[in-house]
Amino acid sequence: MKKSYWLMKSEPDVYSIDDLIADGRTHWDGVRNYQARNNMMKMAVGDEVLYYHSRQVPPAVVGWARVVKESYPDFTQFDETSGYYDSRSDEKNPRWHMVDVEFVEKFEVETSLTQIKDQELLCDMVLVNNSRLSVQPVLKEEFEWILKMSCSKIEL
DNA sequence: GCCAACGTTGGC
DNA sequence: GCCAACGTTGGC
């Protein structure tokens, strides 16, 4: 199976790249959008993920993560005390899924949305055209180009 | 904090 | 199945 490439958004106030460093790996709970969920359900172990901080100034790709567990039901949908609780989801047929990702690298240079829009190679990214999708596919060339712009020390 | 763009819900 | 009303996301 060929590797796929993705971009996942997080609000740094909620869960930043530094939180991922501290935890080493995490489950990507709380996605409540079908398109984003469907993308997570397509993920395979070993897929590469760009870590994006939204709602910061400027919004930017800040790091690199990797899928370490393929999609499984997001337990927060059944937790009434969770903000992500979904009363209409059925335990036998869970509506929401999540994956686990591990930390790979925090970039020394953040690549901002503006810089991405300015790159001919990147201006067709989903990020640019559908700004609301929090889990989105990325082309390998786009992934590599962003690694370069971010001065990544690791080869793909 | 504002608000445009987008997604979802629910009445008909 | 349409679409108005509502809720959420995320750039600014």
Side-chain angles (χ1 to χ4, degrees), chain A residues 4-23 25-43 47-67 70-101 103-139 141-143 145-152:
Chain A
S4 299
Y5 302 84
W6 309 94
L7 180 144
M8 295 172 100
K9 292 181 188 174
S10 187
E11 294 181 37
D13 292 345
V14 178
Y15 196 86
S16 72
I17 187 78
D18 291 319
D19 293 320
L20 183 60
I21 290 173
D23 293 341
R25 69 182 266 173
T26 192
H27 47 263
W28 207 266
D29 61 295
V31 170
R32 295 292 181 270
N33 169 283
Y34 288 105
Q35 229 184 319
R37 179 206 67 178
N38 292 344
N39 285 333
M40 282 202 294
M41 292 177 83
K42 290 182 208 156
M43 289 182 180
D47 281 2
E48 310 289 356
V49 177
L50 290 171
Y51 203 103
Y52 181 88
H53 278 175
S54 63
R55 299 193 69 110
Q56 70 169 16
V57 182
V61 175
V62 297
W64 182 352
R66 186 173 293 130
V67 177
E70 69 181 32
S71 71
Y72 59 105
D74 178 342
F75 56 81
T76 62
Q77 71 196 302
F78 305 121
D79 177 2
E80 287 184 47
T81 66
S82 166
Y84 296 126
Y85 177 65
D86 185 349
S87 61
R88 287 161 307 179
S89 187
D90 175 8
E91 293 221 31
K92 289 189 197 85
N93 185 20
R95 187 182 282 209
W96 305 114
H97 293 251
M98 60 186 178
V99 296
D100 288 359
V101 299
F103 172 76
V104 176
E105 185 182 8
K106 180 182 179 179
F107 299 140
E108 285 195 4
V109 179
E110 298 190 358
T111 296
S112 72
L113 180 60
T114 313
Q115 288 174 281
I116 287 171
K117 286 178 176 168
D118 286 344
Q119 293 287 320
E120 209 172 323
L121 242 145
L122 302 177
C123 61
D124 288 329
M125 285 181 69
V126 181
L127 191 65
V128 177
N129 299 304
N130 180 1
S131 66
R132 309 250 334 248
L133 186 59
S134 66
V135 180
Q136 51 182 264
V138 170
L139 297 176
E141 304 80 73
E142 294 167 343
F143 198 99
W145 193 245
I146 288 178
L147 289 188
K148 205 172 290 180
M149 291 176 75
S150 308
C151 303
S152 168

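Each chain gets a letter, A, B and so on, in the order its sequence line appears, and its residues count up from 1.
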One thing to verify: whether A:Arg32 and A:Asp86 come together as a salt bridge, which I'm taking to mean a side-chain N less than 4.0 angstrom from a carboxylate O. no
Within the structure shown, what part of the strands sits under 4.0 Å from A:Gln35 by heavy-atom distance: base, sugar-phosphate, or nothing? sugar-phosphate
Output for pair (A:Gln136 CD, A:Met8 CE), nearest 0.5 Å, gives 10.5 Å
Whole-Å distance separating the OH atom of A:Tyr34 from the C1' atom of B:dT9: 11 Å
Just by modelled atom types, is the A:Arg95 backbone N or O under 3.5 Å from a matching donor or acceptor in the A:Arg37 side chain? yes
When the aromatic ring centroids of A:Trp96 and A:Phe75 are compared, is their separation below 6.0 Å? no
Taken to the nearest whole Å, NE2/A:His53 to P/C:dC12 is 17 Å
Reckon A:Tyr52 has a side-chain N or O less than 4.0 Å from the OP1 or OP2 of C:dG11? yes
Looking at C:dC12, I'd like to know if its phosphate oxygens (OP1 or OP2) sit under 4.0 Å from a side-chain N or O belonging to A:Lys117. yes
How long is the span from the CG atom in A:Leu127 to the OG atom in A:Ser54, to the nearest 0.5 Å? 10.0 Å
Taking 4.0 Å as the cut-off, does a side-chain nitrogen or oxygen of A:Arg32 come that near to OP1 or OP2 on B:dG7? no
Please work out which residues in residues 118-132 of chain A have a non-hydrogen atom less than 4.0 Å from an atom of DNA chain C and list them by number. A:Ser131, A:Arg132
Check the distance between C:dT9's P and A:Leu113's CG and give it to me in whole angstrom. 18 Å
Rounded to the nearest angstrom, tell me the gap between atom CZ in A:Arg88 and atom C1' in B:dG10. 11 Å
Can you measure A:Trp96 atom CH2 to C:dT8 atom P for me and round it to whole angstrom units? 13 Å
Closest to the side chain of A:Arg95, out of B:dT9, C:dG11, B:dT8, is B:dT9
What is the distance, to the nearest angstrom, from the OH atom on A:Tyr15 to the C1' atom on C:dT9? 21 Å
Taking for each residue the nucleotide of DNA chain C bearing the nearest heavy atom, is the 5' side occupied by A:Gln56 or by A:Gly30? A:Gly30
Identify the residue among A:Phe107, A:Phe103, A:Trp28 that makes a ring pair (Phe, Tyr, Trp, His ring centres under 6.0 Å) with A:Tyr51. A:Trp28
Whole angstrom is fine here: how far is it from CG in A:Asp13 over to C1' in C:dT9? 14 Å
Counting only heavy atoms not in A:Glu70, do more than 12 fall under 6.0 Å of its CD? no
Rounding to an integer number of Å, can you tell me how far A:Leu133 CG sits from B:dT8 C1'? 15 Å
